[in-house]
Undergrad: 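I'd like to ask you about the structure that follows.
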Amino acid sequence: MFSFKKTSIILLSALQLSSSLVFAQAQSTGAQIQYDTSYDIVTPIHAQHGVVSSEHGLASQVGLDILKRGGNAVDAAVAVGFALAVVLPNAGNIGGGGFMLIHDAKSGKDIALDFRELAPALAKRDMFLDASGKVIPGGSTSSHLAVGVPGTVAGLDLALRKYGTMKLKDVIEPSIKLAEHGFVVTPHLETLLNASKNQLGKWASSRAIFFKGDRPLKAGELLVQKDLANSLRLIAKEGPKAFYEGEIAKKIVAEMERNGGLMRADDLKNYRAVEREPVRGSYRGYDVVSMPPPSSGGVHIIQMLNMLEHYPLGAQGLNSAKTVHQMTEVMKLAYADRAEYLGDPDFTKVPIKGLTSRAYADELVKKIDLDKATPSSSIKPGKPIPYESDQTTHYSVADEHGNLVATTYTLNLLFGSGIVATGTGITLNNEMDDFSIKPGVPNAFGLLGGDANAVEAKKRPLSSMTPTIVLKDGKPFLITGSPGGSRIITTTLQVILNTIDHKLNAAEASIAPRMHHQWEPDIIRLERGFSADTLEILGQKGHRISIGRSMGRTQTIKFNGTDIEAYSDPRNPDGRALGY
């Protein structure tokens, strides 16, 4: 009987002999034989001129058509934003808000546009608490009180006016047609409609669009949105004034007044999108540009990268026990700081320089034990001041001139509040839940918050949305971002690590199994695909583990020196990356 070692030697010798014979035969015939020539496991799309990657193929096609017509990346991004409001009704929106990050190739300037929702002027700190101080169930998620003043229309218009080249009516026209003529419901959208049937079914205006009789629409049926087409037509003709002061505004306010909502005409009329300075950092020679507060994403991406640069992640291996342990401990420290310090910078002093300081990161990593998990209960927010010197969607766009756009916008939860403003076709957000409605009480994503993110009139709620651009020597390297509530930040982080540390292409970086920790609750959440050995070692280090549903749906564009590659996360089967 042969030992395993002897058997391995014999098999190896046989393979070497076979290879030698093939090589000798090739030499004698002059033929050149090549077998596998690529390291890629999954191949992204490749393009030379421009790329659009979004959560719906129809929206990506709208953006690509704009690029082919000579529009720049901002023109295409605005067109995609309006298209997703039609074909991705669970998250795409003009009834919500979000963030856009722009890299202007000609000037080298990076721009952060904040069109996050605002709390109405009548909002009060304890508005979601009953007389005894307890949280009112559903008050901040599924009532008219949950709706923040929408910012998407103002934000997309601002982007187009300042950084685009086309007219608003031209970039909206494809979306009007999609809403007017309808599109076929996919199996994925059918699943989402079924999951939200109770939320949507409470409102006649929502049932009229998303239901057929007493049931949600099914795959293969047509989703036609005549009222939404009319609203888009008004915006195309009159600009954002139609939404914030005109016919649309009047219908939204009437919806609020009929149902106890707080939004009034002046809330809409006075809304403004804001241009902010992006947050910046560096990681292993790459420049990272991301969204500043009221997004917490950019600050904590850079904070975590500063800490992770202390560890040889590439040598340790993707999703090894060492790597997952270090990432977990870093995430705990960042999310503890998030709960304490992050909020609307117009209302609270956010110590951005301290949180993103390398010196602060150097101090934080001293708290990390490489051999065992640190209980979240023993982690308190750090002191960055001395260092001062799930329903959302993301899309990424790049044009042939080197202009880049990363956009993440949201209704908050699936279909937002579930409320369609009667006569508009516009599904309204439930973004008020992103405030800390009571200190110590987690929001729908389990995130804790404090005074910095308390409800206040005309304030923007804190967000995890993290549109991010990475540059190398001033040239484009990566555009990425994701939906996913509290998991957005860690999902975006892992795409950056996968491309820089682990040298994966856009597709491989997107499909790799993901992990998440947010300080509280003290559990590592893992997707399926981590090895049993890794799980055992993590358990030995004292980590509590939960293997659950998939996290995030990234839209990633990567520049590889010869062309542009892109990949739409397969966690959403309706997404698609297109290029030319």
Undergrad: Using the salt bridge (charged side-chain N to carboxylate O under 4.0 Å, His left out) rule, pick out the option among R276, K458, K459 that qualifies with D346.
TA: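 Passing option: R276.
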Undergrad: Any donor-acceptor pair under 3.5 Å linking the side-chain atoms of D287 with those of S282?
TA: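 The answer is no; no qualifying pair exists.
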Undergrad: Just checking F210 against F415, ring centres under 6.0 Å apart?
TA: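 Yes, they do, as the ring centres are separated by less than 6.0 Å.
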Undergrad: Is a donor from one side chain sitting under 3.5 angstrom from an acceptor on the other, for D433 and S140?
TA: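 There is such a pair (donor and acceptor under 3.5 Å, judged by atom type) between the side chains of D433 and S140.
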Undergrad: Any heavy-atom pair between the side chains of E329 and T374 that's under 4.5 Å?
TA: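 T374 vs E329: side chains touch.
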Undergrad: What I want to check is whether the side chains of T392 and H394 have a donor and an acceptor closer together than 3.5 Å.
TA: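 Checked: T392/H394 side chains show no N/O donor-acceptor pair below 3.5 Å.
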Undergrad: Applying salt bridge (charged side-chain N to carboxylate O under 4.0 Å, His left out) to E309 and R358, what does each step give before you reach the verdict?
TA: CA-CA 10 Å; E309 198 161 16; R358 286 188 174 276; 2.8 Å; yes
Undergrad: For atom NZ of K472, decide whether the heavy atoms of other residues, nucleotides or ligands shown that lie under 6.0 angstrom number more than 12.
TA: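 Counting other residues, nucleotides and ligands, NZ of K472 exceeds 12 neighbours.
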Undergrad: Under 4.0 Å between a side-chain nitrogen and a carboxylate oxygen: does that hold for K241 and E238?
TA: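 Looking at K241 and E238, the cut-off is not met.
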Undergrad: Are P467 and T407 side-chain neighbours, meaning at least one heavy-atom pair lies under 4.5 Å?
TA: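 P467 does not reach T407 side chain to side chain.
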Undergrad: Looking only at non-hydrogen atoms, find the nearest pair between I379 and A336 and report the distance.
TA: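 Minimum heavy-atom separation between I379 and A336: CG2-CB, 3.9 Å.
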Undergrad: With a sphere of 6.0 Å drawn around NZ of K124, does it hold more than 12 non-hydrogen atoms of other residues, nucleotides or ligands?
TA: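 For K124, atom NZ is not crowded (no more than 12 foreign heavy atoms under 6.0 Å).
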Undergrad: Should E527 and M515 count as side-chain neighbours, where that means a heavy-atom distance under 4.5 Å?
TA: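 No; the side chains remain at least 4.5 Å from each other.
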Undergrad: Roughly how far apart are L428 CG and I94 CD1, rounded to 0.5 Å?
TA: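 Between L428 CG and I94 CD1, I get 10.0 Å after rounding to 0.5 Å.
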Undergrad: CG of N306 to CG of L364: how many Å apart, nearest 0.5 Å?
TA: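 Here the interatomic distance stands at 9.5 Å.
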Undergrad: Measuring only between side-chain heavy atoms, which start at C-beta, is W519 closer than 4.5 Å to M331?
TA: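 No, too far: nothing below the 4.5 Å cut-off.
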Undergrad: Can you measure from CD1 (I469) to CG (L404) and round to the nearest 0.5 angstrom?
TA: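 Rounded to the nearest 0.5 Å, the CD1-CG separation comes out at 5.0 Å.
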Undergrad: Would the number of heavy atoms belonging to other residues, nucleotides or ligands and lying under 6.0 Å from NZ of K367 be above 12?
TA: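 Correct, the count exceeds 12.
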Undergrad: So S510 and D569, side chain to side chain donor-acceptor pair (under 3.5 Å) or not? Walk me through it.
TA: CA-CA 6 Å; S510 301; D569 198 323; 5.6 Å; no
Undergrad: Could you list all the ring-ring contact (aromatic ring centres under 6.0 Å, His included) pairs where at least one residue sits in residues 81-105, not counting sequence neighbours?
TA: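 Listed by first then second residue: nothing to list.
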Undergrad: Within the distance-only criterion (no hydrogens, no angle test), does the side chain of D75 pair as donor or acceptor with the backbone N or O of T165 below 3.5 angstrom?
TA: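 Indeed, once roles are kept as given, a pair shorter than 3.5 Å links the two residues.
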Undergrad: Just verifying a value: how many Å separate T490 OG1 and L497 CG, rounded to the nearest 0.5 Å?
TA: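 These two atoms lie 10.5 Å from each other.
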Undergrad: Using the side chain to side chain donor-acceptor pair (under 3.5 Å) rule, take Q555 and T480 through it: C-alpha gap first, then chi angles, then the decisive distance, then the call.
TA: CA-CA 6 Å; Q555 306 299 327; T480 194; over 6 Å; no
Undergrad: Which heavy atom of A195 sits nearest to which heavy atom of L414, and what is that distance?
TA: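 Distance-wise, the nearest heavy atoms are CB-CD2, 4.2 Å.
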Undergrad: Search all heavy atoms of L113 against all heavy atoms of M291 and return the closest pair with its distance.
TA: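 What the structure gives for the nearest pair is O-CE, 3.4 Å.
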Undergrad: State whether the side chain of N453 and the backbone N or O of D434 hold a donor-acceptor pair below 3.5 Å, judged by distance alone.
TA: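 Yes: the side chain of N453 pairs with the backbone of D434.
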Undergrad: Passes side chain to side chain donor-acceptor pair (under 3.5 Å), T393 versus E55? Steps please.
TA: CA-CA 7 Å; T393 186; E55 283 204 66; 2.9 Å; yes
Undergrad: Find out whether H516 and I524 are in side-chain contact, i.e. whether some heavy atom of one side chain is under 4.5 Å from a heavy atom of the other.
TA: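 No, side chains not in contact.
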Undergrad: Do D267 side-chain atoms and P120 backbone N/O form a donor-acceptor pair below 3.5 Å?
TA: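 Pair absent, no side-chain N/O of D267 close to backbone of P120.
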Undergrad: Can you see which heavy atom on S378 is nearest to which on P375, and at what distance?
TA: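 Smallest interatomic distance, heavy atoms only, reads OG-O, 2.8 Å.
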Undergrad: Kindly give the heavy-atom pair with the smallest separation between A112 and P292, and that separation in Å.
TA: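 Heavy atoms only, the tightest pair is CB-CD, 3.7 Å.
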Undergrad: For the pair H300 and Y335, name the ring-plane relationship: parallel under 30°, tilted 30 to 60°, perpendicular over 60°.
TA: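 Ring orientation, 0 to 90° scale: parallel.
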Undergrad: Going by atom types alone, do N572 and H56 pair a side-chain donor with an acceptor below 3.5 Å?
TA: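 No, no side-chain donor-acceptor contact under 3.5 Å.
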Undergrad: If you take all heavy atoms of G552 and S482, which pair is closest and at what distance?
TA: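 Closest pair (atom of G552, atom of S482, distance): CA-OG, 3.2 Å.
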Undergrad: Measure from the side-chain N and O atoms of N93 to the backbone N and O of A91, and report whether any donor-acceptor pair falls under 3.5 Å.
TA: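 Yes, because the side chain of N93 sits within donor-acceptor range (under 3.5 Å) of the backbone of A91.
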Undergrad: Without swapping roles, check the side chain of Y395 against the backbone of G481 for a donor-acceptor pair under 3.5 Å.
TA: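 No, the answer is negative, given that no donor and acceptor are paired below the 3.5 Å cut-off.
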Undergrad: Is the closest side-chain heavy-atom distance between V470 and I479 below 4.5 Å?
TA: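 No; the side chains remain at least 4.5 Å from each other.
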Undergrad: Answer yes or no: is there a donor N or O on one side and an acceptor on the other, between the side chain of Y271 and the main chain of F115, under 3.5 Å?
TA: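 A pair under 3.5 Å: yes.
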Undergrad: For R525 and R549: C-alpha separation, side-chain torsions, deciding distance, then whether side chain to side chain contact (heavy atoms under 4.5 Å, CB included) applies.
TA: CA-CA 9 Å; R525 179 173 166 179; R549 293 175 296 175; 4.0 Å; yes
Undergrad: Is L462 close to R338 at the side-chain level, that is, under 4.5 Å between some pair of heavy atoms?
TA: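 Counting from C-beta outward, R338 and L462 do come under 4.5 Å.
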Undergrad: Hey, are D157 and R161 close enough for a salt bridge, meaning a charged N less than 4.0 Å from a carboxylate O?
TA: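 Salt bridge flag = yes for R161 with D157.
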Undergrad: For V350 and T348, what are the C-alpha separation, side-chain angles and deciding distance, and is it a side chain to side chain contact (heavy atoms under 4.5 Å, CB included)?
TA: CA-CA 6 Å; V350 181; T348 187; 4.0 Å; yes
Undergrad: Which is it for R116 and S295 under the side chain to side chain donor-acceptor pair (under 3.5 Å) test, yes or no, and what are the steps along the way?
TA: CA-CA 9 Å; R116 184 73 161 139; S295 166; over 6 Å; no
Undergrad: Should the pair E247-K250 be classified as a salt bridge under the 4.0 Å nitrogen-to-oxygen rule?
TA: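 Answer for the salt bridge query: no.
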Undergrad: Output the distance between atom OH (Y286) and atom CZ (R284), rounded to the nearest 0.5 Å.
TA: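 Between Y286 OH and R284 CZ, I get 11.0 Å after rounding to 0.5 Å.
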Undergrad: Using a strict 4.0 Å threshold on nitrogen-to-oxygen distance, state whether E340 and K380 make a salt bridge.
TA: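 Between K380 and E340 there is no salt bridge, as every charged N stays at least 4.0 Å from the carboxylate O atoms.
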Undergrad: To the nearest 0.5 Å, what is the distance between CG on L478 and CD1 on I500?
TA: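 The CG atom of L478 sits 7.0 Å away from the CD1 atom of I500.
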Undergrad: Sub-3.5 Å donor-acceptor pair from the side chain of S357 to the main-chain atoms of K353, do we have one?
TA: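 Looks like no, no N/O pair under 3.5 Å.
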Undergrad: Can you list the steps and then say if N270 with V149 is a side chain to side chain contact (heavy atoms under 4.5 Å, CB included)?
TA: CA-CA 10 Å; N270 296 328; V149 183; over 6 Å; no
Undergrad: Check D522 with R544, please: is the shortest side-chain N to carboxylate O separation under 4.0 Å?
TA: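 No salt bridge links R544 with D522.
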Undergrad: Distance alone, cut at 3.5 Å: any donor-acceptor contact between the side chains of N403 and D399?
TA: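 Judged by distance alone, the side chains do pair up.
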Undergrad: Quick check: does any side chain N or O of N259 sit under 3.5 Å from a backbone N or O of M256, one acting as donor and the other as acceptor?
TA: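 Flag not set: sc N259 to bb M256 has no pair under 3.5 Å.
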Undergrad: Whether the S550 and R514 side chains hold a donor-acceptor pair (N or O, under 3.5 Å, no angle test) is what I'd like checked.
TA: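 S550 vs R514: no donor-acceptor pair found between side chains.
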Undergrad: What I'd like to find out is whether the side chain of V135 reaches to under 4.5 Å of the side chain of L129, using heavy atoms alone.
TA: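 A side-chain contact exists here, since the closest heavy-atom pair is under 4.5 Å.
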Undergrad: Side chain to side chain contact (heavy atoms under 4.5 Å, CB included) for E117 and M432? Distances and angles first, verdict last.
TA: CA-CA 9 Å; E117 300 88 340; M432 295 296 286; over 6 Å; no
